[in-house]
Amino acid sequence: TYTIYVDQPSPEDESALSLGDAYSDTTTDDSVSLTVDGDGPVFNSASPTGALTTQGGDITVDVSDDLDSVDASSIEVSVSEDGTEVYSTTDASANFVDGTLTLDPGTTTDLPALSEGSSYTVDVTAADTLGNSASTSFSFDYDYTAPTFGDATVAGNALPDTGTLTVATTTPTIVQPISDEEFSVDSESIEVTLSDSDGVIYTYSVGSETADDGVSFSGGELVVEPG
């Protein structure tokens, strides 16, 4: 029978034990090894984050531990929609396969399908088999519908369904309504191209560092003022 006594000096002492290092007692023919592990699992490749712009999709995150195994039964998950918790489990082992936690909204038990226009936060806690725990959190907005364009006007005139609109000015103001039912329109994503019968005469990006004063987007309206 062997008894191991470990004296943990202060951090300033060079003989202090370090996480991940292995130690052995070889004073006899037999040896006993000790590995120090004070860290919990690590999380990688969380998805989705930022924005989910395709309809449906899984919520996933990789969970691993360099020195020990992840205790699958310790994995706790909480999913909130617009600040309200809609799913919670204290044992996500059934959803943890080959190092990846996978949740399928609308299919995973008690996890409702994602609702377009909502913002989600996912909180995950896991421990290794020694009991060291760690947590992570990630968020995303769910919106798979592109913005819509209203009826444009040129010099205050609505565009006809057929034929050609003639205006009495060479610098007509063009107004194009743009809206999105779920989230605000990203103005920096707007690009404008004007062309005549000879081809493109003007291109513009609202998010460009060299943006012209003649184009603006405010209150759901893109305004182009040539000249």
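Nothing here was measured: the structure is a model prediction, and the numbers come from that model. Both backbone and side-chain heavy atoms feed into the values below; hydrogens, waters and symmetry mates do not.
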With the side chain counted from C-beta on, respond yes when Ile59 and Phe138 share a heavy-atom pair under 4.5 Å apart, and no when they do not. yes

Without hydrogens or angle criteria, can the side chains of Thr129 and Asp68 be said to hold a donor-acceptor pair below 3.5 Å? yes

Applying the side chain to side chain contact (heavy atoms under 4.5 Å, CB included) criterion to Ser47, which one of Thr60, Val122, Thr102 satisfies it? Thr60

Check: Asp91/Ser73 side-chain N/O donor and acceptor closer than 3.5 Å: no

Side-chain contact test, heavy atoms from C-beta onward, threshold under 4.5 Å: evaluate it for Asn44 versus Val61 and give yes or no. no

With the side chain counted from C-beta on, respond yes when Thr173 and Val224 share a heavy-atom pair under 4.5 Å apart, and no when they do not. no

Check the pair Leu103, Tyr87 against side-chain contact (heavy atoms from CB on, under 4.5 Å), reporting the backbone distance first and the verdict last. CA-CA 11 Å; Leu103 302 175; Tyr87 174 78; 4.2 Å; yes

With the side chain counted from C-beta on, respond yes when Phe43 and Asp62 share a heavy-atom pair under 4.5 Å apart, and no when they do not. no

Tell me if a side-chain donor or acceptor on Ser118 pairs with a main-chain N or O of Ser115 at a distance below 3.5 Å. yes

Which value, rounded to the nearest 0.5 Å, describes the distance between Asp39 atom CG and Asp66 atom CG? 9.0 Å

Val77 versus Asp123: any side-chain heavy-atom pair under 4.5 Å? no

Taking atom types as modelled, find out whether Glu85 and Ser80 have a side-chain donor-acceptor pair closer than 3.5 angstrom. no

Between Tyr142 and Phe140, is the ring centroid distance below 6.0 Å? no

Test side-chain contact (heavy atoms from CB on, under 4.5 Å) on Thr89 and Thr109 and set out the steps. CA-CA 10 Å; Thr89 180; Thr109 303; over 6 Å; no

Take atom CG in Asp196; do more than 12 heavy atoms of anything else shown fall under 6.0 Å from it? yes

Would you say the side chain of Ile190 lies within less than 4.5 Å of the side chain of Leu222, judging by non-hydrogen atoms? yes

Mind running side-chain contact (heavy atoms from CB on, under 4.5 Å) on Ser135 and Val124 for me, showing each step along the way? CA-CA 6 Å; Ser135 301; Val124 182; over 6 Å; no

Who pairs with Thr49 by side chain to side chain donor-acceptor pair (under 3.5 Å), at least two apart in sequence or on another chain? none

Is there a donor-acceptor pair closer than 3.5 Å between any side-chain N or O of Asp143 and the backbone N or O of Gly117? no

Assess the side chains of Ser88 and Ser78: does a donor N or O sit below 3.5 Å from an acceptor N or O? no

Would you say Ile178 ends up clustered with Leu159 if hydrophobic residues are merged whenever their side chains have heavy atoms under 4.5 Å apart, either directly or through other cluster members? yes

Applying the side chain to side chain contact (heavy atoms under 4.5 Å, CB included) criterion to Thr145, which one of Glu116, Glu181, Gln55, Glu182 satisfies it? Glu116

